[in-house]
Amino acid sequence: MSIDLSKSIMDVIKYRTSIRTYDNKPLSEDIKAKLQNRMDNVSGPFNEKVRFEIIDKFDKSNENIKLGTYGVIKGVSSFIVTSIEKNDEALEQLGYILENIVLYATSIGVGTVWLGGTFNKGEFAKVIDSKDNEIMPIVLPIGIPAEKRSFTEKMMRLVSGGKNRKIFNDIVFSEDFTKKLDESKAGEYAKPLEMVRLAPSASNKQPWRIVVDNSGFHFFLNHTKGYNSMGFDMEKIDMGIAMYHFEASAKELNLSGHWSKEFKHIKNTPKDTEFIISWLKE
Ligand SMILES: Cc1cc2nc3c(=O)[nH]c(=O)nc-3n(C[C@H](O)[C@H](O)[C@H](O)COP(=O)(O)O)c2cc1C
């Protein structure tokens, strides 16, 4: 690895990319212990509980369980499986907390990819003993990236647009939704906003919209039609990921603030665009 990822969260965010082809080797105990330690110590801005567990295909106890990823993922034997109670804040909390783990994994050379659809839910649910009131929205393969991406991975990246992102002022606005905000005018928060722009999202839809005013940053979700088909709103997870990118980058730059759920009315809010949370400057 040519850059040192141990120092700056913003470097890690820029470096991370979804990995779908792994080296075909079991993950070392040392790496699993490091990830477990991180999992034991993360927390998020909401009260909701997130259950997660590292599971291994080759564990004796999983012998009769078929942990499948529909051929999308190659050469991996370990996963982080997650389970939450079914409500919106739990989805955001999951996005926030798991992205902390994803970026930590990236910083120690471990590849990951968020899987919301392309895994065999029933089989994974058996391993984590998912309860009736819980859902298992995400499974995260963890492993050392292979040197070359598989053909399926190249196709997936082509379909989802991989590293393509919207331009800054398509997601960041000033005062209300009629005025786009250029990165050059975003001041000391330009970088945290840019880190939101680089965040991963389901099908690379990038549903976050942020309105900036004197008090702070108001996060909205621009819902993609038909995206609720799984019985929960996957884009709330995208929002949690974006919140983590924003907050962690702001902290790195010594910019202080806090999250507030108090509803913020913004003029000219487009259809299908929902207020989620504000970051109020201190
Ligand atoms: C909540 C969520 C669910 C996702 N589900 C899948 C999935 O089921 N299968 C898959 O191959 N990629 C999935 N992805 C990965 C996205 O396609 C990927 O993050 C996006 O295209 C951006 O590419 P990048 O991660 O390489 O920057 C998911 C990402 C997120 C955040």
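Counting begins at 1 with the first residue of the sequence. All ligand and atom numbering here is 1-based and tracks the order in the structure.
Distances from ligand 1 to the non-hydrogen atoms of Lys236 include no value under 4.0 Å. Not a single heavy atom of Glu235 sits closer than 4.0 Å to an atom of ligand 1.
Ligand 1 places these atoms under 4.0 Å from at least one heavy atom of Ile241: 31 (C). Near Arg20, the atoms of ligand 1 lying under 4.0 angstrom from a non-hydrogen atom of the residue are 10 (C), 11 (O), 12 (N), 15 (C), 16 (C), 17 (O). Atoms of ligand 1 found under 4.0 Å from any heavy atom of Ser18 (numbered from 1 in listed order, with element): 15 (C), 18 (C), 19 (O), 24 (P), 25 (O), 26 (O).
A donor and an acceptor atom, one from each side chain of Ser28 and Asp30, are nowhere located under 3.5 Å apart. Between Ser8 and Glu252, the side chains place a donor N or O and an acceptor N or O closer than 3.5 Å (distance only, hydrogens not considered). No side-chain N or O of Ser201 forms a donor-acceptor pair with one of Glu235 less than 3.5 Å apart. In summary, the side chains of Thr178 and Asp176 do present a donor paired with an acceptor at a separation below 3.5 Å, with no hydrogens or angles considered.
Neither the backbone nor the side chain of Met239 comes within contact range of ligand 1; no heavy atom lies under 4.0 Å. For Val72, every heavy-atom contact with ligand 1 shorter than 4.0 Å involves the side chain, none the backbone. Heavy atoms of Asp238 found under 4.0 angstrom from ligand 1 belong exclusively to the side chain.
Looking at residues two or more places apart in sequence or on another chain, you find a ring-ring contact (aromatic ring centres under 6.0 Å, His included) between Phe124 and Phe79, Phe119.
Closest heavy-atom approach to atom 16 (C) of ligand 1 among the candidates Ala202, Pro200, Ser201, Pro141: Ser201.
To the nearest 0.5 Å, atoms CD1 (Ile80) and CZ (Arg38) are separated by 11.5 Å.
The N/O atoms of Gly116, backbone and side chain alike, include one that comes under 3.5 Å of an N/O atom in ligand 1.
Of the options Val50, Ile138, Ile135, a side chain to side chain contact (heavy atoms under 4.5 Å, CB included) to Leu91 is made by Ile135 and by none of the others.
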